[in-house]
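Worksheet for the structure shown next.
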Amino acid sequence: MLQIYNTLTKQKSAFTPLKAGEISMYVCGMTVYDYCHIGHARVMVSFDVITRFLRSQGWKVNYVRNITDVDDKILQRAKQNDESMQQLTERMIAAMHEDEKRLFVLPPDQEPRATGHIQGIIDITQILIDKGYAYAASNGDVYYRVAKFEGYGKLTNKNIDELRAGARVAINDIKENPIDFVLWKAAREGEVSWESPWGNGRPGWHIECSAMSKHCLGDNFDIHGGGPDLPFPHHENEIAQSEAANGCAFANLWMHAGAVRVNSEKMSKSLGNFFTIRDVLQQYNPEVVRLFLASVHYRSYIDYSEASLKEAKVKLERFYQALRDVSPQAAELDNKYHSQFTQAMNDDFNTPKAIAVLFELVNELNTANRQKLATAPALAAQLLSLADSIGLLQQDPTEFLQGEAKEGEISPQQIEVLIEERKVARSNKDFAESDRIRDALLQGGVVLKDTREGTSWFREG
RNA sequence: GGCGCGAUGACAGAGUGGUUAUGUAGCGGACUGCAACUCCGUCCACGCCGGUUCGAUUCCGACUCGCGCCUCCA
């Protein structure tokens, strides 16, 4: 039975889809004004793991993740770079797709862009005005009348009076109430804009998601997800917009990934302590990053550090070492791993526990390999199949372990030559020479492994 | 101040009302010419104080400490 934690109810409960066997899911994606960082990677990978696993269980998942391609930051950055908004966003979207692909993140089923849904945004805004939930201000902006929406704050336990009292919102005489937020922004000189009943302008930040989710999934859908800083105000505002406009419940279940920290401090754009995905991938195999992210439950914070990345690398080496010496062959197996793995994942996507099960499986596989048991190929196939359901271990073991020679590193051909020389030395019992060669390779990060069948090697991080 | 989350062995990180998490590191063995890989064994634990209970790391309450959101940020 699938159980998921719901931010709205603050508890884990059995998942019930709107349509049997199907799941409609909307996840807030990137605002494309810069390269994606590890925080983005966490959201991408978390929901990728979730989607893959659900599909492996037979769920039909319709996964939508939007792109925000018009907003203040984008306009500002484009101006700084002296390029058009479109040039900037196209460039960043291409980069994002590249990053995702490298991280083995499958594309969502639909990837709507805000600029492609301006009419939908205008339509919702008009409905909200008609129903009294929004008003056009004197300057051409349109605002949401927060106090009018009864359920405001239900996702994050806010109440309107306290929000107003603590209002760190800029005083603005144009608004009826400081906590009202903008649905439509009047065009400013030289900025991109679209025609609307309230004059030329562009969408506010929250309204696009109401429009795109409605278009792709309808008024009411199963799951809405996003990053740790989105519940307030973004998702709270989405609820206010969509439920007021549509007159029905919005998302049934809300999922939020935890934060990525660096040195125990939240990683964020404003603190400037972020690492981009491409930076990290210069140093680590993409799957290392994936395993690092999956090593912690998706709702907990995760600490980014050299040590934790290295640890993920060592873990992967253990997996691939086990897989290198056997040819997987699927066969019936009567063991506990499949059910334990599935149970862990069905329990709010407990990847750390699921991965622990994989390690137990590896242990049995290694023993089977050592003892040349007939079960080894089946165990290997089982490991691959379970790992595949969360997007892990799909690389060729030897390729993973040997890696690509980086700048200045010794090539596979050179390594093979040295291994051959060492073999000769060993057969002559010239262990001094043999050890010299091994030490020299180790200096270059290459570790040798002698087996009855011969010597293999891998690169050490 | 409001809302919410967390505190597990050397480190990372799951989980459970009474029984081994898991990975890395350490220690002792096996394998090896010696190593590496691998296997076997093993040390180290549940912030603090009360309560409930036959029994609590696990449930309840207080406390201490840490963190997130409340403002653009995944």
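Computed from heavy atoms alone, side chains included, the values below leave out hydrogens, waters and symmetry copies.
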>> Should the side chain of Ser300(A) and the base of G13(B) be counted as holding a donor-acceptor pair, with the cut-off at 3.5 Å?
In response: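 Flag unset: no donor-acceptor pair detected.
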> Within the modelled atom types, does a donor on one side and an acceptor on the other bring the side chain of Arg438(A) and the base of A35(B) under 3.5 Å apart?
Replying inline: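 Yes.
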>> For the aromatic rings, using the six-membered ring if either is Trp, is the centroid distance between His256(A) and His235(A) under 6.0 Å?
In response: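 Yes, close enough.
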> Which of residues 204-213 of chain A have a heavy atom under 4.0 Å from RNA chain B?
Replying inline: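 Going residue by residue through residues 204-213 of chain A, the ones with a heavy atom under 4.0 Å of RNA chain B turn out to be Trp205(A).
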> Do any N or O atoms from the side chain of Glu236(A) and from the backbone of Gly153(A) form a donor-acceptor pair under 3.5 angstrom?
Replying inline: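 Yes; judged by distance alone, with no hydrogens or angles, the pair exists.
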> Between the main-chain N or O of Asp347(A) and the side-chain N or O of Gln3(A), is there a donor-acceptor pair closer than 3.5 Å?
Replying inline: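 Not a single qualifying donor-acceptor pair exists.
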What nucleic acid atoms does [X] come within less than 4.0 Å of, heavy atoms only: base, sugar-phosphate, or nothing?
{"X": "Phe431(A)", "answer": "base"}
{"X": "Leu230(A)", "answer": "sugar-phosphate"}
{"X": "Gly153(A)", "answer": "nothing"}
{"X": "Asp435(A)", "answer": "base"}
{"X": "Gln371(A)", "answer": "nothing"}
{"X": "His256(A)", "answer": "nothing"}
{"X": "Ala259(A)", "answer": "base"}
{"X": "Asp71(A)", "answer": "nothing"}
{"X": "Arg422(A)", "answer": "base"}
{"X": "Met44(A)", "answer": "nothing"}
{"X": "Arg261(A)", "answer": "sugar-phosphate"}
{"X": "Thr451(A)", "answer": "nothing"}
{"X": "Arg42(A)", "answer": "nothing"}
{"X": "Ser295(A)", "answer": "sugar-phosphate"}

May I ask you to verify if any side-chain N or O of [X] is less than 4.0 angstrom from the OP1 or OP2 atom of [N]?
{"X": "Arg65(A)", "N": "A74(B)", "answer": "no"}
{"X": "Arg318(A)", "N": "C39(B)", "answer": "yes"}
{"X": "Asn363(A)", "N": "C40(B)", "answer": "yes"}
{"X": "Asn350(A)", "N": "A14(B)", "answer": "no"}

Tell me the interatomic distance from [X], atom [atom1], to [N], atom [atom2], rounded to whole angstroms.
{"X": "Arg299(A)", "N": "G15(B)", "atom1": "CZ", "atom2": "P", "answer": "9 Å"}
{"X": "Lys315(A)", "N": "U22(B)", "atom1": "NZ", "atom2": "C1'", "answer": "8 Å"}
{"X": "Leu373(A)", "N": "C39(B)", "atom1": "CG", "atom2": "P", "answer": "13 Å"}
{"X": "Met30(A)", "N": "C73(B)", "atom1": "CE", "atom2": "P", "answer": "13 Å"}
{"X": "Ile50(A)", "N": "A74(B)", "atom1": "CD1", "atom2": "C1'", "answer": "14 Å"}
{"X": "Leu441(A)", "N": "C34(B)", "atom1": "CG", "atom2": "C1'", "answer": "16 Å"}
{"X": "Leu361(A)", "N": "A21(B)", "atom1": "CG", "atom2": "C1'", "answer": "16 Å"}
{"X": "His234(A)", "N": "C73(B)", "atom1": "NE2", "atom2": "C1'", "answer": "12 Å"}

> Can you list every ring-ring contact (aromatic ring centres under 6.0 Å, His included) pair that touches residues 260-284 of chain A, not counting sequence neighbours?
Replying inline: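 Counting only pairs at least two positions apart or across chains, the ring-ring contact (aromatic ring centres under 6.0 Å, His included) contacts touching residues 260-284 of chain A are His37(A)-Phe274(A), Phe275(A)-Tyr304(A).
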> How would you list all residue pairs meeting ring-ring contact (aromatic ring centres under 6.0 Å, His included) that involve residues 346-395 of chain A, not counting sequence neighbours?
Replying inline: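 Residue pairs passing ring-ring contact (aromatic ring centres under 6.0 Å, His included), neighbours aside: Phe319(A)-Phe359(A).
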Of the nucleotides [options], which one has an atom closest to the side chain of [X]?
{"X": "Phe458(A)", "options": "A36(B), A74(B), G23(B)", "value": "A36(B)"}
{"X": "Ser268(A)", "options": "G33(B), A14(B), C73(B)", "value": "C73(B)"}
{"X": "Arg426(A)", "options": "G33(B), C73(B), A12(B)", "value": "G33(B)"}

Please list each protein N or O that sits under 3.5 Å from an N or O in nucleotides 4-8 of chain B, with the distance.
| unit_1 | atom_1 | unit_2 | atom_2 | d |
| --- | --- | --- | --- | --- |
| G4(B) | OP1 | Asn157(A) | ND2 | 3.3 |

Please report the distance separating the [atom1] of [N] from the corresponding atom of [M], rounded so that it comes out in whole Å.
{"N": "C54(B)", "M": "G13(B)", "atom1": "P", "result": "37 Å"}
{"N": "U20(B)", "M": "C34(B)", "atom1": "P", "result": "36 Å"}
{"N": "G29(B)", "M": "A62(B)", "atom1": "C1'", "result": "50 Å"}
{"N": "A21(B)", "M": "G47(B)", "atom1": "P", "result": "15 Å"}
{"N": "U58(B)", "M": "C73(B)", "atom1": "P", "result": "39 Å"}

>> If I compare all heavy atoms of Asn252(A) with all of Leu8(A), which pair ends up nearest, and what's the gap?
In response: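 Minimum heavy-atom separation between Asn252(A) and Leu8(A): O-CD2, 4.4 Å.
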Apply ring pair (Phe, Tyr, Trp, His ring centres under 6.0 Å) to [X] and list each qualifying residue two or more places apart in sequence or on a separate chain.
{"X": "Tyr298(A)", "result": "none"}
{"X": "Tyr152(A)", "result": "none"}
{"X": "Tyr144(A)", "result": "Phe181(A)"}
{"X": "Phe400(A)", "result": "Tyr320(A)"}

> Who pairs with Thr367(A) by side-chain hydrogen bond (donor to acceptor under 3.5 Å, both in side chains), at least two apart in sequence or on another chain?
Replying inline: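 In terms of side-chain hydrogen bond (donor to acceptor under 3.5 Å, both in side chains), with neighbours along the sequence ignored, Thr367(A) is linked to no residue.
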> Taking only residues two or more places apart in sequence or in another chain, which ones pass side-chain hydrogen bond (donor to acceptor under 3.5 Å, both in side chains) with Arg290(A)?
Replying inline: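 Scan of Arg290(A) (side-chain hydrogen bond (donor to acceptor under 3.5 Å, both in side chains), adjacent residues dropped) gives Asp48(A).
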>> My understanding is that only residues two or more places apart in sequence, or in another chain, count here; which of them pass salt bridge (Lys or Arg N to Asp or Glu O under 4.0 Å) with Asp396(A)?
In response: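 Result, salt bridge (Lys or Arg N to Asp or Glu O under 4.0 Å) vs Asp396(A): none returned.
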> How do Phe232(A) and Gly29(A) order along RNA chain B: which one's closest nucleotide is nearer the 5' end?
Replying inline: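 Nearest nucleotide further toward 5': that of Phe232(A).
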>> Go nucleotide by nucleotide along RNA chain B from the 5' end; which of Val357(A) and Lys158(A) gets its closest nucleotide reached first?
In response: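 The answer here is Lys158(A).
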> Yes or no on side chain to side chain donor-acceptor pair (under 3.5 Å) for Ser308(A) and Ser305(A), after CA distance, side-chain angles and deciding distance?
Replying inline: CA-CA 5 Å; Ser308(A) 45; Ser305(A) 68; 2.9 Å; yes
> Looking at side-chain heavy atoms only, is the closest gap between Gln57(A) and Thr342(A) below 4.5 Å?
Replying inline: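 Side chain of Gln57(A) against side chain of Thr342(A), heavy atoms only: contact under 4.5 Å found.
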> So what is the 5' to 3' dot-bracket string for RNA chain B, if pairs are Watson-Crick or G-U wobble with both distances under 3.5 Å, crossing pairs use [ ] and | means the partner sits on another strand?
Replying inline: (((((((..(((.....[...))).(((((.......)))))....(.(((..]....))).))))))))....
